[in-house]
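Here is the structure we will look at, set down as structure tokens.
A, B, ... follow the sequence lines: proteins, then strands. Residue 1 opens every chain. Note that these values count all heavy atoms, side chains included, but never hydrogens, waters or copies made by symmetry.
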Amino acid sequence: MQPFTERAIEIIKSIPPGRVMTYGQIARLAGNPFGARQVSWLLHSMSRVHKLPWHRIINAKGEISYTGSEQREMLEMEGVIFTKNGKVDLHTYQWLPELTRTLEEE
DNA sequence: TGAATGACAACCC
DNA sequence: CGGGTTGCCATTC
């Protein structure tokens, strides 16, 4: 298992409810600036054994990629509001592990 | 071993 | 803003 994978998993697991992250964001934090695709691969591959909040991972456009799942509903259930375009306001809901506690304290 | 694929991203038109 | 193209990386056939 590569460090990238482990770190990515750690990051994903650290995403609190009602928050989302983009593939690229995770990839960079995990050490692979261009590993956005590996994150997606990682997700549907590892989510089987690991209990990862895969539904909190969306693309850079703030939209759901894997339509055909209940991802959207799951997020809405956690308090994420979708625009009429079916997108998420990243500026509001994107999770930033770097800053954390300071900003997100309500 | 080489080619194709993927729950993406950035860029260009 | 939408659609098409290119780039990057790891996995699978």
Nearest-nucleotide comparison on DNA chain B, the residue closer to the 5′ end among A:S40 and A:R28: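 Checking each residue's closest nucleotide, the 5'-ward one belongs to A:S40.
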
Neighbours of DNA chain B within residues 50-66 of chain A, by heavy-atom distance under 4.0 Å: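 Here the set is A:W54, A:N59, A:A60, A:S65, A:Y66.
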
Between the base of B:dA9 and the side chain of A:Y23, is there a donor-acceptor distance below 3.5 Å?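 A donor-acceptor contact between them is absent.
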
Are [Y] and [X] co-members of a hydrophobic cluster defined by side-chain heavy atoms under 4.5 Å apart?
| X | Y | answer |
| --- | --- | --- |
| A:L90 | A:I15 | no |
| A:L29 | A:W95 | yes |
| A:M74 | A:L43 | yes |

Please report, rounded to the nearest Å, how far the [atom2] atom of [N] is from the [atom1] atom of [X].
| X | N | atom1 | atom2 | answer |
| --- | --- | --- | --- | --- |
| A:H44 | C:dT11 | NE2 | P | 12 Å |
| A:E70 | B:dA7 | CD | P | 18 Å |
| A:F4 | B:dC8 | CZ | P | 14 Å |
| A:I15 | B:dA7 | CD1 | P | 18 Å |
| A:W41 | B:dA9 | CH2 | C1' | 18 Å |
| A:N85 | C:dC1 | CG | P | 9 Å |

Are [X] and [Y] side-chain neighbours, meaning at least one heavy-atom pair lies under 4.5 Å?
| X | Y | value |
| --- | --- | --- |
| A:I12 | A:W54 | no |
| A:I58 | A:E63 | no |
| A:I64 | A:F82 | yes |
| A:I9 | A:E6 | no |

Verdict with reasoning, A:R7 to A:E10, per salt bridge (Lys or Arg N to Asp or Glu O under 4.0 Å): CA-CA 5 Å; A:R7 240 177 302 188; A:E10 290 300 311; over 6 Å; no

Neighbour count >12 (heavy atoms, 6.0 Å) for atom OH, A:Y66: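 It does not: A:Y66 OH has 12 such atoms or fewer within range.
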
Applying a 4.0 Å non-hydrogen cut-off, can you work out what A:T22 is touching in the nucleic acid: base, sugar-phosphate, or nothing?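 Here A:T22 touches the backbone only, sparing every base.
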
Protein N or O to nucleotides 5-9 of chain C N or O, pairs below 3.5 Å:
residue, atom, partner, partner atom, Å
C:dG7, O6, A:R37, NH1, 3.3
C:dC8, O2, A:F34, O, 3.3
C:dC8, N3, A:R37, NH1, 3.2
C:dC8, N4, A:R37, NH1, 2.5
C:dC9, O4', A:Q38, NE2, 2.7
C:dC9, O2, A:Q38, OE1, 2.2
C:dC9, O2, A:Q38, NE2, 3.1

